[in-house]
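Since the structure comes first, as structure tokens, the remarks are kept for the end.
So that the names make sense, note that chain A is the first sequence line, chain B the second, and so on, each numbered from 1. Everything numeric here is computed off the predicted structure, so don't read it as measured data.
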Amino acid sequence: MDAEFYQTIIPMLLSGIRITFFIAVTGILIGIVIGSLCGYILQTEIKPLKAVAEVYIWIIRATPLMVQALYVYFVIPKWLGVDLPANTVGIIVIALNSGAFMSEIVKGALQSVDPGQKEAAASLGLNGAQILFHVVIPPAFKIAMPGLFNQFIISVKDTALLSVITVNEVTHQAQNYAALSFQTIPTYTVLALFYLVVISVLIVLQKWVEKRFCC
Amino acid sequence: MINICHMKKNFGELEVLRDINVHIHPGEVVCIIGPSGSGKSTFLRCINQLEKPSGGEILYKGENILDKSYDIRKFREEVGMVFQRFNLFPLLTVRENVCLAPVLTGHKSKAEAVTIAEELLKKVGLSEKADVYPATLSGGQQQRVAIARALAMEPQALLFDEPTSALDPELVGDVLEVMKELAKEGMTMVVVTHEMSFAHEVADRVIFMADGYIVESGTPDQVLEHPGEERTRTFLARFLTTDKTEKYAGLAR
Ligand SMILES: Nc1ncnc2c1ncn2[C@@H]1O[C@H](COP(=O)(O)OP(=O)(O)OP(=O)(O)O)[C@@H](O)[C@H]1O
Ligand SMILES: [Mg+2]
């Protein structure tokens, strides 16, 4: 518990938090794409695609994220015959995981748009894509926004589970340091405070975004 | 102009339209009255195919618009619709609501659309509301915006589905005023309405629908004042006891 401790741990955690954020942000951006596509498919009547989306969401919801990470890290590369770097696996897992949960959010948001507005747009001669992009998506996005942001916060926290596949995110860094230095109590206390501060900032940001852009 | 021949529509077992034949002529105002559930909305929605008719033909400019090869968007660009619940786009301002379709369909450039929107909003008495969002408007104002939005496509005809039924009584007048103005200018209009006074004053033809059939059709004078069919008389009589148009108490006798 001296200056040296802080001089070592803080840069470690900072570099860890960078990886945490890199994986969470990249993962969730891909997740938004997956979630938007699946969410859209879920509220159409395209049966085969719908079935694929439903199976995907079921698999993700019915398995723990840590098991998904282990599976993608250790099993999938065996099948493909290529090694996947831990960070890449981290991004894939966060993307697949957040994508599944966001599918439901997106589906709900799309379904919540008043059918009357779609009919009004159709009655003016707009085509399907124009109706989707100009009439359905803007209000749906507003409705989905809080849920999507929430999923982002969850994904940031979920990255901690990626320590199991040696992703050097912030929790894994702290584990390494604690194991080497035996400074268990201060290390994990600082780690916990780190998450507390970072997530609190995100929660404040979320509130602000909701105030600003929703309602 | 729009010739509807033997149009049928069923929802599963339920036959909503049984055999509808209506020819709508250019410049004509046709009012459709009838009891709730008689298929009036379905009839309008089948014309622009928000519902797909189960049978029959709709001829427009010499083409059957029910043909698979016909692009219904072409018809919808030329025949607008005004809904009972306005259905404005809530995240767009009044002006944007009016401009959206002409711009997206390539009818107008952005600048032209804005100019036309100004004119139309002036026409419906809402010039000063161009930059506000629909939620801040009264129902009557929203409906007038919806009419302006439909007019922005410069339609050949307009379909109205109970345009004043969702409005507080004191707001009905402004909307009907706008519609009367349109009728005077020669707009072809098909209006489903419970406003008997409007039908009486503005319609060239009144159609009474019940159970998916056209029971009676004729001038307002014929249908509203001297109905030939028992069903029409019953409907109008019941209507008068429940409705606000006491001043037309003489109509159904
Ligand atoms: N999408 C639908 N699916 C199933 N049944 C429907 C559908 N739309 C309308 N119907 C039924 O068709 C019948 C006619 O409905 P419609 O809305 O055309 O009546 P309406 O004359 O407009 O009545 P109102 O005066 O109450 O508006 C009703 O029995 C209604 O329940
Ligand atoms: Mg109706």
Exercise for the section: Please answer whether the main-chain N or O of B/Leu50 pairs with a side-chain N or O of A/Glu119 as donor and acceptor at a distance below 3.5 Å. Expected result: no
I'd like to know whether [atom1] of [X] has more than 12 heavy-atom contacts from other residues, nucleotides or ligands below 6.0 angstrom.
X        : atom1 : value
A/Asp83  : CG    : no
A/Phe22  : CZ    : no
A/Lys157 : NZ    : no
A/Phe194 : CZ    : yes
B/Lys52  : NZ    : yes
A/Phe74  : CZ    : yes

Exercise for the section: Would you mind reporting whether A/Ser123 and B/Phe83 have side-chain heavy atoms less than 4.5 Å apart? Expected result: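 The answer is yes, as the side chains (C-beta and beyond) meet within the 4.5 Å cut-off.
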Exercise for the section: Scan B/Arg149, B/Arg76, B/Arg73 and name whichever one has a side chain to side chain contact (heavy atoms under 4.5 Å, CB included) with A/Leu124. Expected result: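 Testing each of B/Arg149, B/Arg76, B/Arg73 against A/Leu124, the sole residue satisfying side chain to side chain contact (heavy atoms under 4.5 Å, CB included) is B/Arg149.
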Problem - Contact leader toward chain B among A/Ala121, A/Pro115, A/Ala122, where contacts are heavy-atom pairs under 4.5 Å - result: A/Ala122
Handout entry: Among the listed options B/Val79, B/Leu104, B/Thr105, B/Leu92, the residue most often paired with chain A at heavy-atom distances under 4.5 Å
Key =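 Answer, by heavy-atom pair count under 4.5 Å with chain A: B/Leu104.
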Exercise for the section: Look at B/Lys74, B/Glu78, B/Gln49, B/Arg45 and state which one has the largest set of heavy-atom pairs under 4.5 Å with chain A. Expected result: B/Arg45
Practice task
Please name the pair of heavy atoms, one in B/Leu88 and one in A/Gln117, separated by the smallest distance, quoted to 0.1 Å.
Solution key: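 In terms of heavy atoms, the two residues are closest at O-CG, 3.5 Å.
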Practice task
Can you tell which part of B/Met81 gets under 4.5 Å to a heavy atom of chain A, answering side chain, backbone, both or neither?
Solution key: both
